[in-house]
Number of protein chains: 2
Amino acid sequence: MTPKSVKSTRKNTEPKAKLSRERVLQKALEIADQEGIQALTMRRLAQELEVEAMSLYYHFANKDRLLDGMIDRVFAEIELPPAGEWRSRIRTRAYSTRAALVRHRWALGLMESRTSPGPATLRHHDAVLECFRKNGFSVAAAAHAYSLLDSYVYGFVLQQINLPFNTFEEAGPAAESIMAEVAAGEYPYLVEMASEHIFKPGYDYAEEFGIGLEIVLDGLERLRKAN
Amino acid sequence: MTPKSVKSTRKNTEPKAKLSRERVLQKALEIADQEGIQALTMRRLAQELEVEAMSLYYHFANKDRLLDGMIDRVFAEIELPPAGEWRSRIRTRAYSTRAALVRHRWALGLMESRTSPGPATLRHHDAVLECFRKNGFSVAAAAHAYSLLDSYVYGFVLQQINLPFNTFEEAGPAAESIMAEVAAGEYPYLVEMASEHIFKPGYDYAEEFGIGLEIVLDGLERLRKAN
DNA sequence: CAAGGTAGCCTTACGATGTAAGATTGTCAA
DNA sequence: TTGACAATCTTACATCGTAAGGCTACCTTG
């Protein structure tokens with residue numbers, strides 16, 4: 001099947017690596033990661049792969065299927081430690097999920113509207129459920145736990161991505177334009193929060209993640225015991 | 001061609017309502033709510049307003065500014081009860097937020113990439129912070145609380161929207177195609193969850209919301225006491 | 001070997017989209 | 001009357017996803 005032998009005889013110019021689902025997905029991820037999802041057009045993607053746009057349609061029915069595939073790749077990056085205490089395994093998974101979604105900032109926005117999960121996604125969900133079920137969670141409790149956990153993780157990333165800045169250091173320029181609207185005295189509590197908490201050296205919103213996560217994990221523990 | 005050569009100051013037989021930021025936003029919400037955000041094009045919007053597409057650009061610099069305005073309208077719909085115990089006020093707000101985001105399913109997807117909050121958004125955040133600060137939350141605790149609370153709410157809605165179905169009743173048709181992929185025995189815990197919990201009469205994922213929310217509120221209470 | 005099938009990529013074309021540039025009109029103050 | 005400004009329209013263009021079909025090299029089958 002693999003035409004390894006390039007016996008094209010004469011004038012076989014150069015490489016022209018063959019197209020494949022994987023190669024297309026790989027390049028699509030690169031473009032979206034580096035330049036944003038709006039930079040990912042079929043023509044642009046094809047160009048980077050040294051092909052014409054319509055060639056992509058041999059491997060993907062349409063752009064939506066391509067996006068589905070990209071989402072599945074992101075889920076494949078999320079790791080669930082194979083062994084250990086359930087709480088630390090779930091914690092690791094939560095951090096891993098956040099890392100993947102921040103690494104691929106376009107992924108969350110794509111999840112809305114995309115309702116057909118790929119194999120990596122299904123496999124992942126199954127593994128998490130297994131972790132719950134084998135550690136004292138009833139079926140119902142596992143459902144509650146999963147819902148709470150993922151809601152928190154997804155929601156946190158959504159907010160983190162929307163933030164105009166993450167750390168105090170990079171806030172500098174943005175801070176002024178924001179404060180300009182805000183400082184008129186209309187939003188006293190936002191001003192308080194900004195000046196006394198957020199606009200302080202060393203502040204990093206990402207660190208909030210761990211605080212909320214431990215609270216969520218405590219909640220999961222109670223779900224586990226309750227049933 | 002437009003026979004609107006109205007004599008002068010007198011209003012004619014309802015000739016043509018004037019365009020305005022508010023009227024444009026209103027119609028944009030209607031279209032997006034009823035037919036999805038992809039149906040909202042400048043031409044379509046203009047048509048519904050009985051106007052040409054380019055006329056919209058007098059009121060909005062570009063489509064992104066229009067979308068910003070729409071998001072702000074959604075935030076304006078979220079209510080925070082003006083009085084009462086903090087826990088019940090925050091609970092009400094959480095339900096109200098979820099309702100608004102489900103009513104306008106396109107809103108969450110738009111929030112990614114939109115980083116300039118409108119006045120209603122700022123006002124809303126300010127009111128919530130006030131509620132925390134006046135009820136024993138330190139500045140830091142209020143920051144943690146807000147992060148956790150909104151992460152949960154946004155994340156839950158994100159999942160709810162992505163679900164192919166919400167209740168058992170509407171699951172019927174979709175269930176089969178899903179189970180077809182899944183039933184091969186590769187995902188035993190997903191199958192268990194589906195058959196023993198989700199695919200049961202009366203199941204409604206939306207009800208999970210309250211369960212997780214109370215756990216989150218318990219967490220907030222502990223944040224409040226801790227500092 | 002020839003004949004035909006098929007996998008994989010390309011060419012051309014079309015309708016839809018956001019919006020730049022500038023023309024046109026209605027209204028009102030001077 | 002004039003002129004200015006606010007609000008809307010006309011025209012045009014680059015870019016997008018993708019439908020329809022063509023081309024070519026390889027493989028199978030006789």
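Chain naming here is simple, since letters A, B, ... match the order of the sequence lines and numbering starts at 1 in each. In this text the structure is predicted, and so the values were computed from the model without any measurement.
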Next item on the list: Kindly write out the residues that satisfy salt bridge (charged side-chain N to carboxylate O under 4.0 Å, His left out) with Glu207(B), not counting sequence neighbours, or none if the list is empty.
Entry: none
Next item on the list: Kindly write out the residues that satisfy salt bridge (charged side-chain N to carboxylate O under 4.0 Å, His left out) with Glu79(B), not counting sequence neighbours, or none if the list is empty.
Entry: none
Could you state the [atom1]-[atom2] distance from [X] to [N], rounded to the nearest angstrom?
X	N	atom1	atom2	answer
Lys63(B)	dT17(C)	NZ	P	8 Å
Leu19(B)	dC9(D)	CG	C1'	12 Å
Asp64(A)	dC16(D)	CG	C1'	14 Å
Gln47(B)	dG18(C)	CD	C1'	17 Å
Glu52(A)	dA19(D)	CD	P	18 Å
Arg21(A)	dG8(C)	CZ	P	13 Å

Check: Would you say the side chains of Gln159(B) and Ser151(A) form a donor-acceptor pair under 3.5 Å?
Finding: yes
Pair up each side-chain donor or acceptor in residues 35-45 of chain B with any protein partner under 3.5 Å, not counting sequence neighbours, and list the distances.
| unit_1 | atom_1 | unit_2 | atom_2 | d |
| --- | --- | --- | --- | --- |
| Glu35(B) | OE1 | Arg44(B) | NH1 | 3.1 |
| Glu35(B) | OE2 | Arg44(B) | NH2 | 2.8 |
| Gln38(B) | NE2 | Glu35(B) | O | 2.9 |
| Thr41(B) | OG1 | Arg44(B) | N | 3.1 |
| Arg44(B) | NE | Glu48(B) | OE2 | 3.0 |
| Arg44(B) | NH2 | Glu48(B) | OE2 | 2.9 |

Close side-chain approach of [X] and [Y], heavy atoms under 4.5 Å:
X	Y	value
Val74(B)	Met70(B)	no
Gln160(B)	Phe209(B)	no
Arg93(A)	Leu149(A)	yes

Item checked: Given dT11(C), dT18(D), dT17(C), the nucleotide with the shortest approach to the side chain of Asn62(A) -> dT18(D)
Note to self: Side chain of Val51(A), heavy atoms from C-beta onward: which of dC16(D), dC10(C), dT19(C) has the nearest atom to it?
What the structure shows: dC10(C)
Notebook entry, point to check: Between Asp72(A) and Arg123(A), does at least one N-O distance fall below 4.0 Å, as a salt bridge requires?
Noted result: no
Check: Is Arg133(A) salt-bridged to Asp126(A), going by a charged N under 4.0 Å from an acidic O?
Finding: no
Item checked: Test of ring centre spacing under 6.0 Å for His125(B) and Tyr146(B) -> yes
Might you list the N or O atoms of the protein lying below 3.5 Å from N or O atoms in nucleotides 4-6 of chain D, with each pair's distance?
none

Notebook entry, point to check: With under 30° as parallel and over 60° as perpendicular, where do the rings of Tyr205(B) and Phe156(B) fit, or are they tilted in between?
Noted result: parallel
Next item on the list: Name every residue in residues 30-39 of chain B that has at least one heavy atom under 4.0 Å from any atom of DNA chain C, in order of residue number, or write none if there are no such residues.
Entry: none
Notebook entry, point to check: Can you check whether His59(A) has a side-chain N or O nearer than 4.0 Å to OP1 or OP2 of dA7(C)?
Noted result: no
Check the interface with nucleotides 21-23 of chain C: list each N/O to N/O pair with the protein under 3.5 Å, or write none.
none

Next item on the list: Name the residue closer to the 5' end of DNA chain C, choosing between Ala61(B) and Ser55(A) according to the nucleotide with the nearest heavy atom.
Entry: Ser55(A)
